[in-house]
Trainee: 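The structure that follows is given in the form of structure tokens.
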Amino acid sequence: MSKKNIDGNFRFLTRAVHGGNEVDAETGAIRRPITMANSYELPYDPSDLNWSSADGQIYTRNGGANQRYLQEKLALLHNAPDCVALSSGVAALSGVFFTFLKSGDHVVMSNSTYIAAYRLINELFPDKFGVEKTLVDSSDPDSVRL
Amino acid sequence: MKTNTRLIHVETPSNPTVKISDIAAISEIAHANGALLSVDNTFASPYNQRPYELGADLTIESLTKYINGHGDAMGGAALGKKELIDQIRSQAMVNLGGAISPFNAWLIMRGAVTLPLRMRQHNESAQKVAAFLQTLPQVRFVAYPGLYGHKNHETAQRQMQNGFGGVLAFGLNTDHDGHNSFVSKLRVITNAVSLGHDESLIVFLGENDERQYLYGDEFRGGFFRVSIGLEDAEDLISDIKNALLAYKTV
């Protein structure tokens with residue numbers, strides 16, 4: 001079976017068509033199928049698996065096949081080394097904020113953003129976690145620098 | 001910027017005022033201060049703009065919008081170096097539970113195939129509609145990064161390689177009810193939130209919006225955010241013309 005191995009050497013339109021797709025190993029279908037299963041078969045001895053791992057195939061919340069294919073395509077379209085696909089744009093926003101902010105940190109945010117980013121950084125993170133924030137006119141880099 | 005500044009977060013073009021922020025300049029400020037820069041790229045899509053190439057540590061996309069493109073599946077993504085994305089995967093996906101459903105991932109993957117073709121049309125039609133709106137006496141203001149009059153048009157030209165996206169904002173010389181009446185007379189452009197769909201969408205953001213105080217003066221009398229879809233631009237222009245003949249003005 002031939003492997004497409006589409007990489008960053010191909011141009012944008014080619015990446016958009018072929019990125020993340022390969023021939024399905026089991027059926028030979030030229031498009032990867034939808035895999036709706038919640039769970040993946042465990043090894044003979046699963047007792048030393050890290051149940052919080054996002055690396056292996058354990059459970060679809062820890063990473064599923066279609067999520068992985070989509071991530072491959074998006075990373076190619078952005079020329080970025082890695083990608084995580086989540087359930088919504090707001091899951092990605094709140095995921096970034098939750099992952100990288102802790103109590104006592106300060107955030108500089110644009111004063112024109114999607115309402116959920118505003119709600120999270122202007123209200124919820126300050127109220128719940130003691131994160132500080134400053135809203136700035138980010139169209140002027142000097143107001144970000146201040 | 002303070003000694004404890006951990007993150008700078010911007011959107012460009014921004015929701016809902018299509019403000020443009022200079023990604024390369026702001027990434028230098030972030031990195032000189034030991035902070036991360038996250039850029040929400042939803043309004044641009046990777047066809048027009050790729051923040052990672054401009055120095056952003058984290059790029060955020062609502063896949064629900066241009067990348068899926070058909071208004072029928074929700075998803076989101078964060079992109080950047082593996083050491084950062086691995087942390088998001090572990091914390092936000094496995095432990096917060098924001099995993100995407102396989103079916104939505106498959107739909108978005110199918111939609112994304114035509115992203116460059118759709119973006120060409122969104123870019124072209126939005127530019128046409130924005131230019132048309134500028135000629136109308138009933139229009140109070142138009143905001144679109146592709147217009148020479150946009151405050152940061154030059155920055156947009158530098159960092160948006162293929163075009164300025166399909167979202168514009170404008171206001172009419174009328175009151176609250178006049179804006180709503182205009183929307184009620186549209187036949188092609190749909191009165192609904194979201195953007196980046198195949199069909200054009202319009203939403204009225206009223207003069208009582210809680211974030212009015214953050215916007216420029218022109219946005220304070222109430223305004224529309226419009227997502228220009230894949231219909232023929234001439235039909236969209238006719239739709240606006242016809243609604244302006246029929247709406248109840250002050």
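Lettering of chains follows the sequences in order, A, B, ..., and the numbering in each one begins at 1.
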Trainee: At a heavy-atom separation under 4.5 Å, does B/T17 approach chain A through its side chain, its backbone, both, or neither?
Mentor: both
Trainee: Is it the side chain or the backbone of B/A112 that comes within 4.5 Å of chain A heavy atoms, both, or neither?
Mentor: both
Trainee: Taking all atoms of both residues into account, what is the closest heavy-atom pair of A/E132 and B/N4, and its distance?
Mentor: OE2-ND2, 3.3 Å
Trainee: Nearest heavy-atom pair of B/I88 and A/T99: which atoms, and what distance?
Mentor: CA-OG1, 3.7 Å
Trainee: Working to the nearest 0.5 Å, report the span between CG of A/N66 and CE of B/M109.
Mentor: 8.0 Å
Trainee: In the structure I gave you, are the side-chain heavy atoms of A/L77 and B/L115 within less than 4.5 Å of one another anywhere?
Mentor: yes
Trainee: Side chains of A/V96 and B/H9, heavy atoms from C-beta outward: is any pair under 4.5 Å?
Mentor: no
Trainee: Please report the C-alpha distance between A/F97 and B/L7 in whole Å, then the side-chain angles of each, then the deciding distance to 0.1 Å, and finally whether the side chain to side chain contact (heavy atoms under 4.5 Å, CB included) criterion is met.
Mentor: CA-CA 9 Å; A/F97 299 154; B/L7 180 73; 3.7 Å; yes
Trainee: Can you give me the closest heavy-atom contact between A/A92 and B/A78, atom names plus distance?
Mentor: CB-N, 4.5 Å
Trainee: Do the side-chain N and O atoms of A/S139 and B/S21 include a donor-acceptor pair separated by under 3.5 angstrom?
Mentor: no
Trainee: Please flag which part of B/N41 lies under 4.5 Å from any non-hydrogen atom of chain A: side chain, backbone, both or neither.
Mentor: side chain
Trainee: Within this structure, what is the CG-OH distance for the pair A/N79 and B/Y52, rounded to the nearest 0.5 Å?
Mentor: 8.5 Å
Trainee: Do B/L63 and A/L70 have side chains that approach each other closer than 4.5 Å (heavy atoms only, starting at C-beta)?
Mentor: yes
Trainee: Determine whether A/H78 and B/E61 satisfy the following criterion, side-chain hydrogen bond (donor to acceptor under 3.5 Å, both in side chains), listing intermediate values before the conclusion.
Mentor: CA-CA 10 Å; A/H78 269 282; B/E61 292 276 5; 2.7 Å; yes
Trainee: Looking only at heavy atoms, which two atoms of A/C83 and B/L79 are closest? And how far apart?
Mentor: CB-CD2, 3.6 Å
Trainee: Only heavy atoms, only distances under 4.5 angstrom. Which residues in residues 6-16 of chain A are near chain B?
Mentor: A/F12, A/L13, A/A16
Trainee: Under 4.5 Å heavy-atom distance to chain A, tell me which part of B/T5 shows up: side chain, backbone, both or neither.
Mentor: both
Trainee: Identify which part of B/K65 has an atom lying under 4.5 Å from any heavy atom of chain A, answering side chain, backbone, both or neither.
Mentor: neither
Trainee: Less than 4.5 Å to any heavy atom of chain A: does that hold for the side chain of B/F219, its backbone, both, or neither?
Mentor: neither
Trainee: What part of A/I115 gets closer than 4.5 Å to chain B, counting heavy atoms only: side chain, backbone, both or neither?
Mentor: both
Trainee: Using only atom types and a distance under 3.5 Å, with no angle test, would you say the side chain of B/R6 pairs donor to acceptor with the backbone of A/F100?
Mentor: yes
Trainee: What part of A/L74 is in contact with chain B, defined as an atom under 4.5 angstrom from a non-hydrogen atom: side chain, backbone, both or neither?
Mentor: both
Trainee: Please flag which part of A/D137 lies under 4.5 Å from any non-hydrogen atom of chain B: side chain, backbone, both or neither.
Mentor: both
Trainee: Which heavy atom in A/S138 sits nearest to a heavy atom in B/K19, and how many Å separate them?
Mentor: OG-CD, 4.2 Å
Trainee: Between B/R120 and chain A, with a heavy-atom cut-off of 4.5 Å, which part of the residue counts as in contact: side chain, backbone, both or neither?
Mentor: side chain
Trainee: Heavy-atom distance under 4.5 Å to chain B: side chain of A/T35, backbone, both or neither?
Mentor: backbone
Trainee: Could you tell me if the side chain of A/T113 sits less than 4.5 Å from the side chain of B/R211, heavy atoms only?
Mentor: yes
Trainee: In Å and rounded to the nearest 0.5 Å, what is the CD to CG distance from B/E210 to A/N122?
Mentor: 8.5 Å
Trainee: Any side-chain heavy-atom pair from A/S88 and B/S62 closer than 4.5 angstrom?
Mentor: no
Trainee: Hey, are the side chains of B/I8 and A/V107 touching, using non-hydrogen atoms and a 4.5 Å cut-off?
Mentor: no
Trainee: Sort A/A117 into side chain, backbone, both or neither according to what part of it lies under 4.5 angstrom from a heavy atom of chain B.
Mentor: side chain
Trainee: Should B/M1 and A/V108 count as side-chain neighbours, where that means a heavy-atom distance under 4.5 Å?
Mentor: yes
Trainee: Walk me through whether A/H106 and B/T3 qualify under side chain to side chain contact (heavy atoms under 4.5 Å, CB included).
Mentor: CA-CA 8 Å; A/H106 174 246; B/T3 52; over 6 Å; no
Trainee: Side chain, backbone, both or neither: which part of B/D40 has an atom under 4.5 Å from a heavy atom of chain A?
Mentor: side chain
Trainee: State, with a plain yes or no, whether a side-chain heavy atom of A/Y118 is found less than 4.5 Å away from one of B/L214.
Mentor: yes
Trainee: Given that the side chain runs from C-beta out, which part of B/L84 has a heavy atom under 4.5 Å from chain A: side chain, backbone, both or neither?
Mentor: both
Trainee: Can any side-chain N or O of A/R61 pair as donor or acceptor with the backbone N or O of B/V94 at less than 3.5 Å?
Mentor: yes
Trainee: Looking at A/Q67 and B/S101, would you say the former's side chain and the latter's main chain have a donor-acceptor pair under 3.5 Å?
Mentor: no
Trainee: Which atoms of B/Y47 are under 4.5 Å from chain A, going by heavy atoms: the side chain, the backbone, both sets, or neither?
Mentor: both
Trainee: Salt bridge check, A/D55 against B/R89: does any charged N sit closer than 4.0 Å to a carboxylate O?
Mentor: no
Trainee: Of all the heavy-atom pairs spanning A/L86 and B/M93, show the shortest one and how long it is.
Mentor: CD2-CB, 3.7 Å
Trainee: Less than 4.5 Å to any heavy atom of chain A: does that hold for the side chain of B/E28, its backbone, both, or neither?
Mentor: neither
Trainee: Less than 4.5 Å to any heavy atom of chain A: does that hold for the side chain of B/I60, its backbone, both, or neither?
Mentor: side chain
